[in-house]
Amino acid sequence: MATGGCEETSDEIFNFKCTPCAKKNKNREAVKYCVECQGYCCRSCVDIHEDFPALEGHQLLDKSDFKSTGITSDLPDLPTLRCKIHTVKVMDMYCGNHDVVGCTSCMALTHRSCTDVQLVPDIINTIFKKEDADATTLKLQDNIKQLKKIIQMRLSLLKEMKDSKAEAITTITDFIKELELILQNLKKESINEIKEEYHKRESMLEEEKKKAETEMEDMKQADNDILQLEVNKAQTFVNMKIAQEKATRADDVINSLKTPSITKIKFQVKTDVRDTLRRLKSLGKLSISSSAALKPRTSVYSITSTSDMNIKLPNDTNKCYIFGSCLTETGMLLLTDNNNKKMKRTYVTNIFAIDQWEFPVYPHFVCATNEQEAAVTFYNNTIQFVSLGNQMTQTRQLTMGHRCFGIACKEDKLYITDDSSSLYGR
């Protein structure tokens, strides 16, 4: 039998042949087993492991660890997977206390106090069960099926979202076209109004000019008639009297035309439209919804947690009586305290920070109209809007023709109930 480390190939039979050399049809005896390469190595291949930095960390086992006395090509039961944290170490340790595997560094660092830490090769025959592997495989296959369904659903949702994005952009484009059409029509009507007024004024000025030209021609003719007949006193006298009549009539015409007509055309635009557009940050309100949200619930709601909140403030003169409440999109909790004529505000993340706004009359219910505004109802037929900035302030107010009790806001439209059985929309 060839000695270990022999570099000459031969036809001798070895218990363990070098795996890399056997692939090259070379017959060499193995002296080590590489856990990472999962193969036997002769002395030359062991030297290669020591020469290449990438192979330096490989775990090489001696012949005594092969645990075989006969000719075999089977690999020993040794873990080969490297640790993701300590990449040069093999995951060959098992912690029975936590039922996890790891490398020696993992066990030294995170399982130092555990009492059941062993080498996997030492206990593999006692802890490994084929049915456990089969059950794990079934669980993995079930998870794969569920993940495939989730992936398909996400693909469907991605397509739905892409289509809805295109539809939303089309909505904006169509709206812009509609606005452009309205503006074009307004432009056309405004220009027609200017042209109509211009033609009316132009006709009047042309008529006045023609009238003045006619009178001027008469004056010239009368003046010529007088000058040409100076030798005939009688005819000159007659022409003079006729000229005087014309001059008197011309005076009336001149006096009527002395005051100049208004000839400058001005157009004052209604800036409300422009100012409104400038105040807008967007052409509409963006909302996100899911098709899954449209499906009816198949299970009842459950309470996840409860907490006590003291909303009485030092300057409250009466016992607190909370009539209405609502949550805003930013997590503010709004409460209407009817007895103290106040709206109180706190935050879900800090229920102990409370500020207030006091009303002259008793408030009923409250609803958020957007992130920075809320509407409060009152029994005196009014709805008061409150700005929810750093300091709450009253803004606009609506006066209704009925009592105002419950209130809700949906898509920029208010829904109000009276104290009876009617619902109103505004």
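Heavy atoms only: backbone and side chains are in, while hydrogens, waters and symmetry mates are out.
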* Assess whether side-chain contact (heavy atoms from CB on, under 4.5 Å) is satisfied between Ile265 and Ile194, documenting all intermediate values. => CA-CA 8 Å; Ile265 297 174; Ile194 292 172; 4.1 Å; yes

* Asked: Minimum heavy-atom separation for Gln118 to Asp116, with atom names?
  -> NE2-OD1, 2.8 Å

* To do: Determine yes or no for a side-chain-to-main-chain donor-acceptor pair under 3.5 angstrom, with Ser256 supplying the side chain and Val253 the backbone.
  => yes

* Structure fact -> The salt bridge (Lys or Arg N to Asp or Glu O under 4.0 Å) partners of Asp316 (sequence neighbours excluded) come to Lys342, Lys344

* Residues Lys200, Glu196: salt bridge by 4.0 Å N-O rule -> no

* Asked: What closest approach, in Å, do Thr336 and Gly324 show between heavy atoms, and which atom pair accounts for it?
  -> OG1-N, 2.8 Å

* Keeping the roles fixed (side chain from Asp142, backbone from Leu138), state whether a donor-acceptor pair exists under 3.5 Å. => no

* Between CE of Met153 and CD1 of Ile151, what distance do you get to the nearest 0.5 Å? -> 12.0 Å

* **Where Cys404 and Asn381 come nearest, the two heavy atoms and their spacing** => SG-C, 3.8 Å

* Any side-chain heavy atom of Met107 sitting closer than 4.5 Å to one from Cys95? -> yes

* Dump the intermediate steps for salt bridge (charged side-chain N to carboxylate O under 4.0 Å, His left out) on Lys211 and Glu215, then the final yes or no. => CA-CA 6 Å; Lys211 187 176 183 180; Glu215 291 298 325; over 6 Å; no

* **Minimum heavy-atom distance Lys89-Ser105, with the two atoms named** => NZ-OG, 3.0 Å

* Taking all heavy atoms of Ile407 and all of Ala375, pick out the closest pair and write down the distance. => CD1-CB, 3.8 Å

* Could you tell me whether a side-chain N or O of Thr19 sits under 3.5 Å from a main-chain N or O of Tyr40, the two making a donor and an acceptor? => yes

* Structure fact -> Separation between SG (Cys114) and NE2 (His98), nearest 0.5 Å, reads 4.5 Å

* Asked: Taking C-beta and beyond as the side chain, do Ser387 and Glu373 meet within less than 4.5 Å on heavy atoms?
  -> no

* Carefully, step by step, assess Phe405 and Phe365 under the rule ring pair (Phe, Tyr, Trp, His ring centres under 6.0 Å). => CA-CA 6 Å; Phe405 201 65; Phe365 286 89; 5.2 Å; yes

* Any idea which heavy atoms bring Leu398 and Leu414 closest together, and the distance? -> CD1-CD1, 4.4 Å

* Would you indicate whether the side-chain heavy atoms of Asp418 and Leu423 approach each other to under 4.5 Å? => no

* Asked: Roughly how far, to the nearest 0.5 Å, is the CG atom of Leu277 from the CG atom of Asp275?
  -> 9.0 Å

* Separation between OG1 of Thr346 and CE of Met309, rounded to the nearest 0.5 Å -> 5.5 Å

* Output, in order, the C-alpha distance, side-chain angles, deciding distance and verdict of side chain to side chain donor-acceptor pair (under 3.5 Å) for Asn370 and Gln372. => CA-CA 6 Å; Asn370 55 53; Gln372 292 296 321; over 6 Å; no

* To do: Side-chain contact test, heavy atoms from C-beta onward, threshold under 4.5 Å: evaluate it for Tyr94 versus Asp99 and give yes or no.
  => yes

* **Side-chain heavy atoms of Pro79 within contact of Met91, under 4.5 Å** => no

* To do: In sequence, state the C-alpha distance, the side-chain angles, and the governing distance for Tyr33 and Cys41, and then conclude on side-chain contact (heavy atoms from CB on, under 4.5 Å).
  => CA-CA 6 Å; Tyr33 174 79; Cys41 300; over 6 Å; no

* **Main-chain N/O of Lys319 paired to Asn339 side chain as donor or acceptor, under 3.5 Å** => yes

* Assess whether atom OH of Tyr362 is packed by more than 12 heavy atoms of other residues, nucleotides or ligands within 6.0 Å. => no

* Asked: Are Asn185 and Glu189 close enough, and set up right, to give a side chain to side chain donor-acceptor pair (under 3.5 Å), and what steps lead you there?
  -> CA-CA 6 Å; Asn185 288 335; Glu189 290 298 323; over 6 Å; no

* Per the side chain to side chain donor-acceptor pair (under 3.5 Å) rule, which among Gln391, Gln384, Gln394 passes with Trp357? -> Gln394

* Is there a side-chain contact between Thr417 and Tyr424, using heavy atoms and a 4.5 Å cut-off? -> no

* Pairwise side chain to side chain donor-acceptor pair (under 3.5 Å) hits with a residue in residues 166-176, at least two apart -> none

* Asked: Got more than 12 heavy atoms from elsewhere within 6.0 Å of NZ, Lys195?
  -> no

* **Enclosure of Glu131 CD (heavy-atom neighbours >12, cutoff 6.0 Å)** => yes

* **Any side-chain heavy-atom pair of Asn97 and His111 under 4.5 Å** => no

* **CZ (Arg274) with more than 12 external heavy atoms under 6.0 Å** => yes

* Test side-chain contact (heavy atoms from CB on, under 4.5 Å) applied to Pro363 and Asn340, Leu335, Val386, Val376, the passing residue -> Val376

* Asked: Given the side-chain rings of Phe378 and His364, with only the six-membered ring counted for Trp, is the space between their centroids under 6.0 Å?
  -> no

* State whether the number of non-hydrogen atoms from other residues, nucleotides or ligands found under 6.0 Å of Ile85 atom CD1 is greater than 12. => no

* If you draw a 6.0 Å radius around CZ in Phe52, do more than 12 non-hydrogen atoms from other residues or ligands fall strictly inside? -> no

* NZ on Lys209 to CD on Glu202, rounded to 0.5 Å -> 10.5 Å

* Would you mind reporting whether Val120 and Met93 have side-chain heavy atoms less than 4.5 Å apart? => no

* Has the side chain of Arg403 got a donor or acceptor atom that lies under 3.5 Å from a matching backbone atom of Tyr379? -> yes

* Apply the test side-chain contact (heavy atoms from CB on, under 4.5 Å) to residues Leu388 and Met332: give CA-CA distance (whole Å), side-chain angles for both, the deciding distance (0.1 Å), then the verdict. => CA-CA 9 Å; Leu388 302 176; Met332 287 187 286; 3.8 Å; yes

* Asked: Is there a side-chain contact (heavy atoms from CB on, under 4.5 Å) between Arg345 and Gln356 once you walk through the steps?
  -> CA-CA 6 Å; Arg345 173 176 64 171; Gln356 61 183 330; over 6 Å; no

* Asked: Under the 3.5 angstrom rule, does the side chain of Arg82 hit a backbone N or O of Val88 as a donor-acceptor pair?
  -> yes

* Asked: Which distance, rounded to the nearest 0.5 Å, do you find between the SG of Cys409 and the OH of Tyr415?
  -> 9.0 Å

